[in-house]
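These values consider heavy atoms only, across backbone and side chains, with no hydrogens, waters or symmetry-generated copies.
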Amino acid sequence: MEWNDPNRNRSAYPDLPVGSISYNEFLQRNTALGSLKIQASRAQNALPTEGVRISVIGRFNDARVLFFDGVTDTDGLITGITLPAPPRSASLQSDGARRGALYQVFASHPDYEPDIYEAEIFEGITSILPVTLRLPQEVI
């Protein structure tokens, strides 16, 4: 299944009927936040890579929402990407823990192959996503 497949929702947030609530209403009802840290590198994770464009996208109703767009610093890092997340208590249930919120992360750099990752975000936790860049000839 592709990310944009309308039948795919593995996130903790249930699908909502189209037009049921606005994005602002969603944020008012879901005030819990988590964060994401990006660590971009190349050469088998040995060298941090500056200038990697990172876009973080989440699904809301039938739309894809851009939550973040930026580039990595000289250390290959982007820190403090704040994202909506379900309450932490939902993930701690022993009888059917729920997933965190899932976001699609696009990574691109002019010298490397673009790639897509998935990040799971929980309330009050910083998730770390290693982004490994590959030269075009390294892609199988």
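- What you find for P84 and F67 is that their closest heavy atoms are CD-CE2, 3.6 Å.
- Applying side chain to side chain contact (heavy atoms under 4.5 Å, CB included) to L36 and the options I125, I81, I78 leaves one that passes, I81.
- The distance from the OG1 atom of T79 to the CD atom of Q39 is 10.5 Å, given to the nearest 0.5 Å.
- Taken together through direct or relayed side-chain contacts under 4.5 Å among Ile, Leu, Val, Met, Phe, Trp and Tyr, V131 and L47 form parts of separate hydrophobic clusters.
- Remark: D115 CG to H109 NE2 distance equals 14.5 Å, nearest 0.5 Å.
- Residues P86 and A101 approach most closely at CD-N, 3.4 Å, considering heavy atoms.
- The distance from the OG atom of S127 to the CG atom of L83 is 9.0 Å, given to the nearest 0.5 Å.
- Note that the CD atom of E118 and the CG atom of L102 stand 4.5 Å from one another [nearest 0.5 Å].
- When side chains are defined from C-beta on, Q104 counts as touching I116, because their heavy atoms get closer than 4.5 Å.
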Mind running side-chain hydrogen bond (donor to acceptor under 3.5 Å, both in side chains) on Y112 and R134 for me, showing each step along the way?
CA-CA 6 Å; Y112 301 95; R134 297 173 296 154; over 6 Å; no

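- For the atom pair NZ of K37 and CD1 of I128, the computed distance is 5.0 Å after rounding to the nearest 0.5 Å.
- The shortest non-hydrogen separation linking G100 to E120 is N-OE2, 2.8 Å.
- The shortest side-chain heavy-atom distance between P130 and Y117 does not fall under the 4.5 Å cut-off.
- Here the shortest heavy-atom pairing between I57 and F106 reads CD1-CE1, 3.5 Å.
- The side chain to side chain contact (heavy atoms under 4.5 Å, CB included) test applied to L33 returns T82, not counting sequence neighbours.
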Please list, one pair per line, the donor and acceptor atoms closer than 3.5 Å that link side chains of residues 68-77 to other protein atoms, with sequence neighbours excluded.
unit_1: D69; atom_1: OD1; unit_2: R53; atom_2: NH1; d: 3.3
unit_1: D69; atom_1: OD1; unit_2: S55; atom_2: OG; d: 2.7
unit_1: D69; atom_1: OD2; unit_2: R53; atom_2: NH1; d: 2.9
unit_1: T72; atom_1: OG1; unit_2: T49; atom_2: O; d: 2.8
unit_1: T72; atom_1: OG1; unit_2: G51; atom_2: N; d: 3.1
unit_1: T72; atom_1: OG1; unit_2: V52; atom_2: N; d: 3.0
unit_1: D73; atom_1: OD1; unit_2: D75; atom_2: N; d: 2.9
unit_1: D73; atom_1: OD1; unit_2: G76; atom_2: N; d: 3.2
unit_1: D73; atom_1: OD1; unit_2: L77; atom_2: N; d: 2.9

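- Follow the hydrophobic side-chain contacts under 4.5 Å out from I121 and you reach V65 in the same cluster.
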